[in-house]
Amino acid sequence: MRKQVLVAVDRGETRVGILEAEGEPQAVPTADAQVSKDGGNGARRRRGRRGRAGAVAAGAERVESANGSPWRAAELYVERRGRRSIVGNIYKGRVDNALPGLEAAFVDIGLEKNGFLHVDDIVMPGVEVQRRGRGGGKGQKIAQLLKPGQEILVQVVKDPLKTKGARLSMELSIAGRYLVYVPNGEGVGVSRRLDDRERERLRRAAKGLELGEGGAIVRTAAQGALRDDFEREIRYLHKLHEILEQRTRESQAPAMVFQEADLSVRVVRDIFSAQFERAVVDDEGQHRRLTSFFTRTAPELVDRVELYTGEEPLFEHFGVEEAVTSTLSRRVDLPSGGSLVIDYAEAMTVIDVNSGSFTGRGRGARLEDTITRTNLEAASEVVRQLRLRDIGGIIVIDFIDMARARNRDQVLKVLREALDEDRTKTYVVEISPLGLVEMTRQNVTDGVREILTKECPTCVGEGVVLSEETVALHVERRLRELVAERSQPEAFLIAVHPAVAGALLRAPGVPPVIELEQEVGRHFHFEGSESLPIGHFEVMLEGSREEVEERALPFQTGQEVLVTIEEPHMYNDDDAVAKVDGYIVSVTGAGRLIGEQRLVRIERVGRAAADASLVDSADGAEPAGAGDDDDRSARRSRRRGRGSRSHADAVAEGAD
């Protein structure tokens, strides 16, 4: 698998994308001056200004790699100023309380919410801790290990998510390019994601390293690394540990004593290996940071870091901007016509596989083959979406039911193979008889969707809102209660959403508010804008009918108003309707002006609608629908004579 890293930097945001394509990694030559390996040879690309001509490589690179396979966005990371991930940061914290019932402690690390430290994550040299699930009562319990007010060093292993604080651990680690230094550990371990032969070679290369009092873990990115690489890096990590210890002595809890690298350095450090052809950066400052980091840790990779200075934004040039937008979509299309539907819940994420428009290939296509083909495509795409959106926690995939066990095994195999490319820890259960696959994926930070969006203030995350009919019925009940509580006022002005006011005033037959007024002997007027929540209800004014009407009616007879003609009239073909915050203005003779702005004169004002006529345009031309067109006037008169009415007439009937 071939990979590239893109780093796009804006004023308040850094975005990192990982692209993948089938094939063996190879050196990608720079086609022209648009990509520079020397950050000093070109100014950073400025959006909206003319940049250097040319393309990053071949003109088709946005779509295809050099061997013809398409580059696809596999992972996306977004970090914004003020919302930087704190995973990897080390804090000198103060224990707030230790709860034996939860086998956990809450630690003040200087953030809005206390961090959560479970007993399994407590590490104290020379002290045996009673781990969860272990019998015999061996080791000390959390209440014996930690006391309120006690100062401890902790590292964040999981960002604060939703209502939960950061997850903490006392097993400290400092990550480098090839090694992770563990101050409280011992010996050398090697990543299990490497094959056995490479693991053995790396174990021999790391044997006898001067680790000091701690231990080390050889990372997956160390594939192909030599002894000299390990020796150079362990010296660098020891210096970082010395700085950490010094800051710990000088700091007063709660305080941060070690900060993890920023997003671009962190991602490139963790994943840049022999599979990666290059890292393309569109910012000189970030380019210098990356080259400086590789100069210290892996000088042989410095030449793979390139500065992009093209006119077109980096993510748009490589087609990654579309992938960012796609993370917000609930539906994901599959190549053959099927689709995925991704639904997020509090406890899990559910992914449904649909066959969609795919009906098989050829006349001899069988149902089982069609289903299997769709499920195989879905298995690969599901993993891509998990990585792209960084979905964590419990995940349930509802594949289309397959009759043959062989086909189910094939789909599960494709799913597992695709997960091999995922760096995040996962666990997959076998396909159930219902065609469901249950899996878990480690949840460490907010995904792209959570960073780019916020909770809807209207539905509050539910995904649905009450209909205007439902709210209108609720408003009727509220108005009855209002009259019972306040018997003196003759009329009330209520602020509601225009759609709710329409349901109360413009319902078929006798409007509900008219029946209510006759029942309770009071008068009600409504005002509001489209920006109000659908369920908004507020008493704006109460008093005499004249006082409320003066405030409630948006226009006065004879007033001239500039409106946008929005839709044809319900009854008269030659007329049209404009709307002002849900208030209807019926404009005579405006049937041919849909979509245009025109000045109108208010002729009659009703509670929820008004009648108006067009005002002559400034150039002296007659407005459409006006003049001596006797035939048109006669037709309108005949229609009205047969029982047609204006919007204001319909609303005002029995009310004004």
Side-chain angles (χ1 to χ4, degrees), residues 72-76 158-159 161-164 323-358 370-403 405 407-456 458-465:
R72 300 185 67 190
E75 297 179 26
L76 294 172
K158 186 176 180 179
D159 275 328
L161 299 175
K162 298 180 181 178
T163 60
K164 300 178 180 178
V324 175
T325 305
S326 73
T327 61
L328 307 181
S329 176
R330 181 169 174 257
R331 175 190 168 112
V332 179
D333 292 328
L334 299 175
S336 295
S339 65
L340 306 178
V341 177
I342 304 175
D343 287 317
Y344 301 87
E346 181 69 22
M348 67 179 68
T349 301
V350 180
I351 303 176
D352 185 36
V353 181
N354 298 313
S355 59
S357 61
F358 182 52
T370 302
I371 291 174
T372 303
R373 171 71 178 273
T374 303
N375 283 341
L376 289 173
E377 290 181 354
S380 299
E381 185 62 29
V382 162
V383 176
R384 178 173 178 265
Q385 292 299 322
L386 295 181
R387 298 173 62 195
L388 201 61
R389 303 175 186 225
D390 198 14
I391 298 174
I394 300 173
I395 300 159
V396 176
I397 310 167
D398 183 9
F399 287 104
I400 306 172
D401 291 345
M402 293 169 286
N407 292 335
R408 293 196 293 269
D409 293 341
Q410 186 180 2
V411 170
L412 192 61
K413 179 181 178 182
V414 170
L415 181 69
R416 294 185 187 277
E417 289 177 349
L419 286 172
D420 288 341
E421 295 294 331
D422 189 5
R423 298 179 299 112
T424 303
K425 188 183 300 182
T426 58
Y427 174 73
V428 181
V429 181
E430 300 290 333
I431 295 183
S432 74
L434 297 177
L436 302 178
V437 170
E438 300 172 16
M439 62 175 291
T440 60
R441 188 172 186 269
Q442 189 176 19
N443 201 352
V444 177
T445 62
D446 281 330
V448 177
R449 175 178 174 270
E450 285 70 24
I451 295 174
L452 298 184
T453 62
K454 68 175 185 178
E455 186 179 78
C456 171
T458 302
C459 74
V460 197
E462 293 293 333
V464 294
V465 296

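Residue numbers run from 1 in the order of the sequence given.
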Kindly say whether Cys459 contributes a backbone atom to a donor-acceptor pair with the side chain of Glu462 at under 3.5 angstrom? no
Any heavy-atom pair between the side chains of Val448 and Ile451 that's under 4.5 Å? no
Closer than 3.5 angstrom, by distance alone: can the side chain of Arg441 be matched with the main-chain N or O of Ile391 as a donor-acceptor pair? yes
Output for pair (Glu438 CD, Ile431 CD1), nearest 0.5 Å, gives 11.5 Å
Partner of Thr327 by side chain to side chain contact (heavy atoms under 4.5 Å, CB included), out of Asp390, Ile342, Thr453, Leu76: Leu76
Rounded to the nearest 0.5 angstrom, the CG-CD1 distance for Asn443 and Ile394 is 11.0 Å
Could you walk me through whether Val353 and Asp398 pass the side-chain contact (heavy atoms from CB on, under 4.5 Å) test, one step at a time? CA-CA 6 Å; Val353 181; Asp398 183 9; over 6 Å; no
Of all heavy-atom pairs linking Ser339 and Asp333, the shortest is CB-OD1, 4.0 Å
Answer whether the closest heavy-atom distance between the side chains of Val437 and Val428 falls below 4.5 Å. yes
Do the side chains of Ile351 and Val341 get nearer than 4.5 Å, heavy atoms only? no
State, yes or no, whether a side-chain contact exists between Ile371 and Arg373 at a heavy-atom distance under 4.5 Å. no
Backbone N or O of Ala73 within a donor-acceptor pair of the Arg384 side chain at under 3.5 Å? yes
Output the distance between atom OG1 (Thr349) and atom CD (Glu346), rounded to the nearest 0.5 Å. 10.5 Å
Give, for atom CG of Leu388 and atom CD of Glu381, the distance between the pair rounded to the nearest 0.5 Å. 8.5 Å
dist Asp401:CG -> Asn407:CG (nearest 0.5 Å) comes out at 12.5 Å
Flag for Gln442-Thr424: side-chain donor and acceptor within less than 3.5 Å: no
Flag side-chain contact, heavy atom, 4.5 Å: Phe399 against Leu436: no
Walk me through it: do Val411 and Leu415 pass the test side-chain contact (heavy atoms from CB on, under 4.5 Å)? CA-CA 6 Å; Val411 170; Leu415 181 69; 5.6 Å; no
Donor-acceptor pair, Asn375 side chain versus Ile400 backbone, under 3.5 Å? yes
Under the side-chain contact (heavy atoms from CB on, under 4.5 Å) rule, what do Ile395 and Thr426 come out as? Steps first, then yes or no, please. CA-CA 10 Å; Ile395 300 159; Thr426 58; over 6 Å; no
Going by an N to O cut-off under 4.0 Å, is there a salt bridge joining Glu421 and Arg387? no
Between Tyr344 and Arg330: side-chain donor-acceptor atoms closer than 3.5 Å: no
Heavy-atom side-chain proximity of Asp352 to Asp343 below 4.5 angstrom: no
Do you know the tightest heavy-atom contact between Ala403 and Arg408? O-NH1, 3.6 Å
CE (Met402) and CG (Asp409) are apart, to the nearest 0.5 Å, by 9.0 Å
Salt bridge or not for Glu75 and Arg389, using N-O below 4.0 Å? no
Is the backbone N or O of Glu377 less than 3.5 Å from a side-chain atom of Ser380, with the two atoms forming a donor-acceptor pair by type? no
With a 4.5 Å cut-off on side-chain heavy atoms, are Leu419 and Met439 touching? yes
Flag side-chain contact, heavy atom, 4.5 Å: Asp420 against Asp422: no
